[in-house]
Amino acid sequence: MKKKEFDLIVFGATSFVGQILVQYLWKRHGINGEVKWAIAGRDPGKLDLLKNRLGEQARELPVLIANAGSEDELQTLCSRTKVIVSTVGPYALYGSPLVKVCAQTGTDYCDLTGEVQWIARMIEAHEETAKQSGARIVHCCGFDSIPSDLGVLFLQKSAKVQYGEPCQQIRMRVRKLKGEFSGGTVASMINVTREVAADRSLAKKLANPYLISPSRLAARQPNVTFAEFDPVAKSWLAPFVMAGINTRVVHRSNALQNYGYGKEFKYDEAMMTGNGLKGRLTAMGLAGGMAGFLIGAAIPPTRWALEKFVVPKPGEGPSETSQQRGSYDLRFYGTTSKGGTLVAKVTGDMDPGYGSTGKMLGEAVVCLAKDSHEKAGGFWTPASLMGETLMTRLQQHAGLRFELLQA
């Protein structure tokens with residue numbers, strides 16, 4: 001096989017998260033180090049501006065031009081690299097051609113999508129092709145869903161060591177989340193409401209916890225849809241906006257690891273709001289606010305108003321100072337079939353949707369490009385393909401911590 005010119009190409013490098021990713025890769029790897037990489041997009045002027053902002057030493061960083069809608073141009077990119085990492089979203093609108101071309105050409109691929117309906121379509125359309133070509137496709141390599149996916153993997157491995165069996169149920173609870181909503185995430189959510197309005201059957205599919213799993217299991221999955229009290233976490237709970245994608249990814253990871261968590265495994269996610277009356281009222285307020293946003297996004301006039309005046313737009317985001325001030329603290333409460341209990345803590349040191357996501361995505365793409373993976377082509381998850389290798393990278397370089405607490 002002809003040796004590829006690059007280890008990785010950042011496609012969509014001038015998007016808001018794309019710029020964060022490029023800056024992170026530049027600081028970590030420079031231009032003449034172990035990782036050979038390039039930036040790519042459709043606008044040469046914006047790409048040159050991005051490169052100039054990196055400094056004089058970045059003048060040799062290769063700049064490649066390709067349009068997300070041109071399969072011929074995307075094939076040219078794939079012919080030059082081992083891996084492509086894409087930040088071009090919403091992916092349901094702009095990401096499909098690249099996944100198709102990567103699957104056809106045997107090029108590894110990762111992204112930061114949280115659009116589970118799109119992932120399901122990509123798996124259905126291209127998984128067999130990827131298996132034949134050897135392309136390893138890994139979605140959800142940002143805040144959704146690396147902390148959840150690897151947090152469950154970490155707790156399950158700990159349970160097997162301590163109890164000799166995995167946890168039959170894990171509850172992920174968001175204890176702290178400090179950061180701003182991503183404009184790209186909001187755009188993706190609004191696009192989903194458009195798709196549901198156009199195809200009512202999609203709502204039923206999105207409610208399936210095994211939507212992207214190879215097979216549907218019998219275990220009925222818990223799901224926090226309004227305010228409720230959790231006696232395990234000793235806190236009131238509100239729905240967590242990322243639960244709809246994270247839970248699906250975790251269940252796919254279980255399946256791709258030969259059901260290492262068990263075929264009766266249960267998993268759910270929610271936000272902790274505290275105990276007492278204040279915690280209850282906060283949970284009710286958050287649940288009502290989320291429901292109101294989804295209803296508003298489903299109705300064309302209010303959706304237009306939300307996009308125009310309320311929510312951040314794709315390409316917009318917080319300053320670097322604001323990103324630095326962000327953080328998150330996730331707790332994983334596990335219980336085995338014999339009653340053993342474990343608690344894990346996963347933390348990140350920056351704004352989850354921007355700074356931390358940029359670092360996670362950077363470590364994921366380099367892990368995919370440089371670390372040894374014996375897995376064949378197909379659609380993988382972060383835990384099922386990169387697992388503990390990626391976990392080590394994230395703790396050494398990306399500000400994440402995986403800790404076992406006293407149950």
Side-chain angles (χ1 to χ4, degrees), residues 1-13 18 21 25 29 34-42 62 64-89 91-92 94-113 115 118-142 146 212 214 249 252-253 255-257 361-387 389-390 393:
M1 183 179 294
K2 183 180 177 182
K3 182 177 176 59
K4 296 297 180 81
E5 182 179 354
F6 302 112
D7 294 309
L8 66 95
I9 292 174
V10 179
F11 185 60
L21 172 60
L25 291 173
H29 303 288
E34 179 188 7
V35 178
K36 308 300 180 186
W37 62 293
I39 58 175
R42 65 179 181 177
L64 310 175
I65 309 302
N67 192 299
S70 171
E71 292 187 16
D72 288 341
E73 293 176 7
L74 296 176
Q75 285 181 355
T76 299
L77 283 188
C78 287
S79 70
R80 302 179 69 177
T81 188
K82 295 178 183 177
V83 187
I84 292 184
V85 52
S86 173
T87 66
V88 179
Y91 292 87
Y94 309 115
S96 300
L98 180 55
V99 174
K100 176 183 177 181
V101 171
C102 284
Q104 291 174 338
T105 59
T107 306
D108 290 345
Y109 166 97
C110 64
D111 63 28
L112 51 83
T113 186
E115 300 162 63
W118 177 72
I119 295 172
R121 291 200 293 266
M122 292 299 97
I123 292 172
E124 182 178 7
H126 305 301
E127 183 162 40
E128 289 306 314
T129 301
K131 287 180 177 179
Q132 293 174 15
S133 71
R136 296 170 302 180
I137 312 295
V138 192
H139 298 297
C140 307
C141 290
I146 279 179
I212 59 174
V249 170
R252 182 169 178 84
S253 289
L256 294 179
Q257 295 175 98
L361 188 58
E363 293 304 324
V365 67
V366 174
C367 185
L368 191 55
K370 302 298 290 186
D371 296 334
S372 176
H373 307 293
E374 298 179 355
K375 302 290 178 66
F379 281 68
W380 296 92
T381 60
S384 62
L385 181 65
M386 296 177 279
T389 303
L390 178 57
R393 279 185 166 275

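Residues passing the side-chain hydrogen bond (donor to acceptor under 3.5 Å, both in side chains) test with Asp371, sequence neighbours excluded: Arg393. For Ser253, the side-chain hydrogen bond (donor to acceptor under 3.5 Å, both in side chains) test picks out Asp149, Thr381, with sequence neighbours left out. Ala120 pairs by the side chain to side chain contact (heavy atoms under 4.5 Å, CB included) definition with Leu211, Ile212, not counting sequence neighbours. Under the side chain to side chain contact (heavy atoms under 4.5 Å, CB included) criterion, Lys36 pairs with Asp7, sequence neighbours left out. Take Glu128 and apply the side-chain hydrogen bond (donor to acceptor under 3.5 Å, both in side chains) test, not counting sequence neighbours, and it matches no residue. Residues satisfying the side-chain hydrogen bond (donor to acceptor under 3.5 Å, both in side chains) criterion with Asp108, sequence neighbours excluded, are Arg136.
Under a cut-off of 6.0 angstrom, the local environment of CZ in Arg121 is crowded, with over 12 non-hydrogen atoms contributed by other residues, nucleotides or ligands.
Two residues are said to be in side-chain contact when any heavy atoms from C-beta on lie closer than 4.5 Å; Ser96 and Tyr91 fail this criterion.
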Output, in order, the C-alpha distance, side-chain angles, deciding distance and verdict of salt bridge (Lys or Arg N to Asp or Glu O under 4.0 Å) for Lys100 and Glu127. CA-CA 10 Å; Lys100 176 183 177 181; Glu127 183 162 40; over 6 Å; no
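In this structure, the separation between CD1 on Ile137 and CD1 on Ile119 is 12.0 Å, given to the nearest 0.5 Å.
Thr105 approaches Cys78 most closely through the heavy-atom pair OG1-CB, 3.5 Å. Residue Met122 comes nearest to Phe379 through the heavy atom pair O-CZ, 3.5 Å, listed as atom of the first residue, atom of the second, then distance. Closest approach of Ser86 and Leu98 over heavy atoms only: CB-CD2, 3.8 Å. Of all heavy-atom pairs spanning Leu74 and Ala68, the tightest one is CD1-O, 3.6 Å.
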